[in-house]
Participant: 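Take this structure, written in structure tokens, and hold onto it; I'll ask about it next.
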Amino acid sequence: MNFKKYLILIFILINYISINCFGQKSPERPKLVIGIVVDGLQQQHLNLLWDNLLPNGLKRIAEQGRTFNDAQYNILSFGNITDIATLMTGSVPRYNGITGSLFFNRKTHNFENILSDNEQTGIGTDLKLSAKRLLSTTFTDELKMAVPSSRIFAIAVNPEEAVMLGGHTADAAVWIDDAIRWSSTTYYNYGLPKAADEMNYGSYFNNFIFSIWKPLKSIDKYLNKPTNEAAISGFRYDMRFRNEGDRKVSDFKNSPAVNTVITDLAIRLIEDQKLGKQSNSPDVLLLQYTVHQANEYSSALNSAEKEDMYYRLDNDIASLLEKIDKTVGLANTLIFVTGNQTGSHSPKELKNNNIPSGVFNPKRSMSLLNLYLMAIFGNKSWIEGYFANNIYLNREIINENKLKISDVQQSVADFMTEFSGVEDAFTATQITTMSGEDNLIRNSYNKLTGGDVLITLLPGWQEVDENDKPVSASKSINYSVPIYFFGWNVSKHKTDATVFVTDLAPTICSLLNIPKPNTSIGKVLF
């Protein structure tokens, strides 16, 4: 073979390598991902309100996208922070470490905020928070590691939800502080976005704090009419006379105004940050909304106010979709909507209807438990603490008295099953040997933050704190939420088959062509 033929062969080989190795196109991805988590969202509520919803809001997402009507939470209910961690990691507390808003620090012998981090500084708040105790990666963490130029922002009503949405690698995570202003933490490099900072000045928030909440639509269109004849035209809450202390914060955070404020910041971030304008680097905007009212004793759709929360949220989502369509294009945007676990009926509501129910007061129960242990093992303080169904023993005293921890744990479990409202009690040893990814108790327990004994409550029973505020629930919980996918590469489809919320994160990762979170137990839905 002559020299000319060698040159031709070398040229062909180089061209082949460059085409197949260096010239391949990057995987196709959406330009923008919008994630919406609605506190209190229930599929049955949407079914009841369907005819009154806007054609370009929630109904548009549900009708034109892929709908999973029955997505189950495969964990016990320990609050929004645990639910959102489960959604974002595709995992459960057993692996991701987020077992509730508080954890018992055995080194300091105190309960601490699970997000507390003294190495950080609050921005517009005294809170010092980070996601360092979130043991797993989230789908946004995986995106950031796969595509570092992607930008990730999270907006939520409360700090715990904001940090769980933001994960470890968000550019910024912001929430509404108790002073009713946007706040954040230095844990995220971007700090408080300019758009949020601008909203903190002037009269922006005051316009909502001192507003009047009345029906969005004619009251005749509401399924639930006011029963008071004086309120025949609807309801009316003059926020100017409800703006004192904690009530002011609670009323604002449990009113339609909070959703409008979140939507406003979301739209401003899309504009200011030019989200979705990068080439093959998807940006992510995660939002938490609510349809809960202040002092709500039932999650049923049984009031005009509850309906109005949905209608106004529907308006906000329609405005958000319109903005996305004008800037990025809905065809270039992947959107998902889901919710968290919601109490189906409160003990008060069940009692009013002659249905067995009750309230579990841990303070009194722990006092009796310690007296029982003193009678068996000696006059010592055997109980160190209790939170969200978890009982923590004083292991130092147990070791000093040369007792087997398993024996004391079993004595506690045996005694707790005698209490009214307690269905069962499990020792840490029993829990860690349970099997099955659908085992709610095993899934909800983490050895780093869990107690020595975990109790479960009977249906209709609810744990409350010293201020009678609900902490967690057992079987009085709606584990099922809808999941909607809409927009980029999503075809119209509806299924009533049961799936798990842990399937959300790996499905998003599959659509983004990135690895799924490192402790994900979910499957790809489509």
Side-chain angles (χ1 to χ4, degrees), residues 73-79 82 93-94 99-104 111 297 341-351 353-377 381-394 398 405-434 436 439-447 449-479:
Y73 272 90
N74 40 355
I75 59 173
L76 296 175
S77 171
F78 290 132
T82 304
R94 175 183 181 181
T99 53
S101 58
L102 299 179
F103 82 104
F104 186 74
F111 284 99
Y297 74 92
Q341 298 182 81
T342 306
S344 53
H345 301 287
S346 69
K348 179 180 178 181
E349 183 183 15
L350 293 173
K351 184 178 180 180
N353 288 277
N354 298 317
I355 299 171
S357 63
V359 171
F360 179 76
N361 188 315
K363 186 175 182 179
R364 182 177 65 87
S365 303
M366 290 305 102
S367 296
L368 292 173
L369 173 60
N370 197 65
L371 288 174
Y372 171 73
L373 295 177
M374 287 168 65
I376 298 176
F377 301 110
S381 296
W382 299 100
I383 306 299
E384 276 210 299
Y386 176 97
F387 179 74
N389 297 37
N390 283 269
I391 300 170
Y392 298 85
L393 296 176
N394 192 324
I398 291 173
I405 184 68
S406 58
D407 290 342
V408 183
Q409 288 175 343
Q410 191 59 56
S411 295
V412 171
D414 293 340
F415 184 73
M416 290 306 300
T417 56
E418 301 300 320
F419 277 87
S420 297
V422 175
E423 179 183 56
D424 215 335
F426 304 90
T427 68
T429 302
Q430 290 173 323
I431 295 171
T432 54
T433 57
M434 291 176 177
N439 189 309
L440 299 184
I441 295 170
R442 181 66 186 93
N443 285 350
S444 306
Y445 184 88
N446 184 279
K447 65 179 182 180
T449 55
D452 291 282
V453 175
L454 185 142
I455 65 172
T456 58
L457 303 180
L458 289 167
W461 282 72
Q462 189 171 58
E463 178 190 329
V464 296
D465 61 18
E466 294 181 1
N467 299 314
D468 291 329
K469 181 180 179 181
V471 176
S472 63
S474 181
K475 293 183 174 61
S476 296
I477 247 344
N478 187 348
Y479 290 101

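Computed from a predicted model, the values in this text were never measured in an experiment.
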Participant: Who passes side-chain hydrogen bond (donor to acceptor under 3.5 Å, both in side chains) against Y392, sequence neighbours left out?
Facilitator: none

Participant: D414: what forms a side-chain contact (heavy atoms from CB on, under 4.5 Å) with it, not counting sequence neighbours?
Facilitator: Q410

Participant: How are the rings of F360 and Y386 set to each other: parallel, tilted or perpendicular (split at 30° and 60°)?
Facilitator: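 F360 and Y386: tilted rings.
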
Participant: Which residue in the set I441, L454, T417 passes side chain to side chain contact (heavy atoms under 4.5 Å, CB included) when paired with D424?
Facilitator: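 Among I441, L454, T417, the one that satisfies the side chain to side chain contact (heavy atoms under 4.5 Å, CB included) with D424 is T417.
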
Participant: Minimum heavy-atom separation for M416 to I391, with atom names?
Facilitator: CG-CD1, 3.7 Å

Participant: How long is the straight-line distance from CG of L458 back to CD of E423, given to the nearest 0.5 Å?
Facilitator: 5.5 Å

Participant: I'd like to check the side-chain contact (heavy atoms from CB on, under 4.5 Å) partners of K363; sequence neighbours left out, ordered by chain and number.
Facilitator: N361, E466

Participant: Counting distance only, does the side-chain N/O of T99 pair as donor-acceptor with the main-chain N or O of T449 below 3.5 Å?
Facilitator: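 Judged by distance alone, no pair lies under 3.5 Å.
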
Participant: Please list, chain by chain and in numerical order, all residues satisfying side-chain contact (heavy atoms from CB on, under 4.5 Å) with T429, sequence neighbours excluded.
Facilitator: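 Partners of T429 by the side-chain contact (heavy atoms from CB on, under 4.5 Å) criterion, ordered by chain and then number, come out as Q409, T427.
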
Participant: Partners of S365 by side-chain hydrogen bond (donor to acceptor under 3.5 Å, both in side chains), sequence neighbours excluded?
Facilitator: none

Participant: Can you check whether Y445's main-chain N or O pairs, donor with acceptor, with R94's side chain at less than 3.5 Å?
Facilitator: no

Participant: Residues in side-chain contact (heavy atoms from CB on, under 4.5 Å) with I355, at least two apart?
Facilitator: L350, N353

